[in-house]
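The structure under discussion appears below in the form of structure tokens.
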Amino acid sequence: QVQLVESGGGLVQAGGSLRLSCVASGRTFGMSTMGWFRQAPGKEREFVAAINWSGGNTNYADSVKGRFTISRDNAKNTVYLQMNSLKPEDTAVYYCATGPYFRFVYSQDEFSYWGQGTQVTVSS
């Protein structure tokens, strides 16, 4: 049974920072592409960032480039999303997801397992 558990969400003022964590179990984490996605109220879920199995390749949505950083610690089965210079439009539920082994992808359809999500609220 694959399980992904996100944490680190909360309420922050615009310009502030948060770091999200996602701990994975039940799968060979170190071989999987990992991704972060988000869904704002009334909107479809969208891609935020992805990182390949080794951490050597990353990709970001244009809206978060230069502000967010995805990283991973394979020894801890954990993927992180450091979010700086937060804006009110970053308000959403953030989900982590696990993708295929040894292929770097960032389409939602390629991710098989999803966490329950963590709420991030940015006040203006």
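When a residue number appears, it is its place in the shown sequence, counting from 1. Both backbone and side-chain heavy atoms feed into the values below; hydrogens, waters and symmetry mates do not.
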What's the shortest heavy-atom distance between [X] and [Y], and which atoms?
X      : Y     : answer
Glu6   : Cys96 : OE2-N, 2.9 Å
Asn52  : Thr33 : CA-OG1, 4.0 Å
Thr91  : Ala40 : O-CB, 3.6 Å
Ser17  : Ser85 : OG-N, 4.3 Å
Phe111 : Gly99 : CD2-N, 3.5 Å

Heavy-atom check, side chain of [X] versus side chain of [Y], under 4.5 Å:
X     : Y      : answer
Trp53 : Ser32  : no
Arg38 : Ser63  : yes
Tyr95 : Gln108 : no

Next item on the list: Test salt bridge (charged side-chain N to carboxylate O under 4.0 Å, His left out) on Asp62 and Lys65 and set out the steps.
Entry: CA-CA 5 Å; Asp62 288 343; Lys65 277 181 183 175; 3.2 Å; yes
Item checked: Sequence neighbours excluded - salt bridge (charged side-chain N to carboxylate O under 4.0 Å, His left out) pairs with any residue from residues 107-119 ->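 Matches after skipping sequence neighbours: Arg103-Glu110.
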Next item on the list: Give a yes or no on whether Gln116 atom CD has more than 12 heavy-atom contacts from other residues, nucleotides or ligands under 6.0 Å away.
Entry: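 It does not: Gln116 CD has 12 such atoms or fewer within range.
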Check: Distance-only, no hydrogens or angles: does the Asn84 side chain make a donor-acceptor pair with backbone N or O of Thr69 under 3.5 Å?
Finding: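 Pair absent, no side-chain N/O of Asn84 close to backbone of Thr69.
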Note to self: Under the rule for ring pair (Phe, Tyr, Trp, His ring centres under 6.0 Å), what residues qualify as partners of Phe47, not counting sequence neighbours?
What the structure shows: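 Phe47 satisfies ring pair (Phe, Tyr, Trp, His ring centres under 6.0 Å) with Phe37, Tyr106 once adjacent residues are dropped.
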Checklist line | Remaining members of hydrophobic cluster (4.5 Å side-chain criterion), Val79 | finding: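 Direct or chained contacts put Val79 with Val2, Leu4, Val12, Leu18, Leu20, Phe29, Met34, Trp36, Val48, Ile51, Tyr60, Val64, Phe68, Ile70, Leu81, Met83, Leu86, Tyr94, Tyr113, Val120, Val122.
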